[in-house]
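These numbers come from the heavy atoms of this one structure, side chains and all, not from hydrogens, waters or symmetry mates.
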Amino acid sequence: MSDRWSDRVARVLAPNPSPLTLEGTNTFVVAEPGAAMVVVIDPGPEDEAHARAVVGACDGRGVELVLLTHTHVDHAEGARAFAGRVGAPLAALADGWSTAGAPDLASGAPLAAGGLELRPLPTPGHAADHCCFELAAERAVFTGDHVLGRGSTMVEWPGGDMADYLASLELLLERRPERLYPGHGPLVPGAVARVEGYLAHRRDREAQVLAALAAGDRTPAEVVARVYAEVDPALHPAAELSVRAHLVKLVREGRVAATGDGERFSPSRHGRAGTSSHRARPPGGGQ
């Protein structure tokens, strides 16, 4: 079953709800009205009923291209099988995922498919291989897990990188989109305000992490217990990954010191800002 988010965009909700995926993964079928072919973004988990629903949402049109925002399992597990099923190339930033005939997303060159233009926006941070897709005809962006329809995104250390994530949010803000089509949750009509809110949230979290260290917390788990005290404890392991991503950024910048084993942290009185780095996730890497 699909629901239409615009004249060009239909959403098919995957049956994989969880505290991290919200109602489930949003798979998008995208095409200019009247076009003979479509683009499918994020086929989602490997689920036969979901794959049939996505094909049904194509309304008898062929699939010209399959795109991945990133290769976390809830977005990409079923991608290869789906691309093979519909006979379309699969394109992703991660090494080893793209198939024959797929465009190079890293270049950022516009993609002409489904009768419209999509521009890849490489946006590392949540994952090293993350890529948003801008739909200029609607001043909209398909944001994957970069910005969600509800709540905040986890920057999953070590695959995620907090400095990269903040830079990618700034990149998205520069595009001044009007709406966002997220990988989880509802459509976001106030796009600029949402991205600005995400940036403010991450700056607040960083300040809270620094305050926790100043108060004497030394391990990521201790920081989580203080900073996320009002959050469901079941989500604390995920929160710890984001806290670690904040700590790594702060260590690189010389604002926090880490012990040799990288498990204890304290405020630093010296040091210089470092540079960020990121790595592509291997095929099949899960969230």
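Glu134 and Arg139 are not joined by a salt bridge, as no carboxylate oxygen comes within less than 4.0 angstrom of a charged side-chain nitrogen. Using a 4.0 Å cut-off between charged nitrogen and carboxylate oxygen, Arg226 and Glu222 do not count as a salt-bridge pair. Between Arg52 and Glu48 there is a salt bridge, since at least one side-chain N of the basic residue sits less than 4.0 Å from a carboxylate O of the acidic one. A salt bridge does not link Arg264 with Asp217: every distance from a Lys NZ or Arg NE/NH1/NH2 to an Asp or Glu carboxylate oxygen is 4.0 Å or more. Checked for salt-bridge contact, Arg80 and Glu46 miss the test: no charged N lies under 4.0 Å from a carboxylate O. In summary, Glu253 and Lys249 engage in a salt bridge, as defined by a charged side-chain N under 4.0 Å from a carboxylate O.
Summarising the local packing, CG of Asp104 is surrounded by more than 12 heavy atoms from other residues, nucleotides or ligands at distances under 6.0 Å.
Of the N and O atoms on the side chains of His184 and Arg150, not one donor lies less than 3.5 Å from an acceptor on the other residue. Side chains of Glu138 and Ser6: a donor-acceptor N/O pair is present below 3.5 angstrom, by distance only. For the residue pair Glu240/Tyr228, the side-chain donor-acceptor check at 3.5 Å is not satisfied. Side-chain contact annotation: His50 with Thr27, donor-acceptor N/O pair under 3.5 Å present.
Two rings, from Tyr165 and His130, have their centers 6.0 Å or more apart. Aromatic ring centres of His126 and His72: separated by under 6.0 Å.
Between Val223 and Leu213 the shortest side-chain heavy-atom distance falls below 4.5 Å. Put simply, the side chain of Leu135 does not reach to within 4.5 Å of the side chain of Val141, judged on heavy atoms.
The line from NE2 of His70 to SG of Cys131 is 11.5 Å long, rounded to the nearest 0.5 Å. In this structure, Asn16 CG and Glu77 CD are separated by 9.0 Å, a value rounded to the nearest 0.5 Å.
Applying the side chain to side chain donor-acceptor pair (under 3.5 Å) rule to Tyr198 yields no partners; only residues at least two apart in sequence or on another chain are considered.
Under the 4.5 Å side-chain heavy-atom criterion for grouping Ile, Leu, Val, Met, Phe, Trp and Tyr, Trp5 is connected to Leu116 within one hydrophobic cluster.
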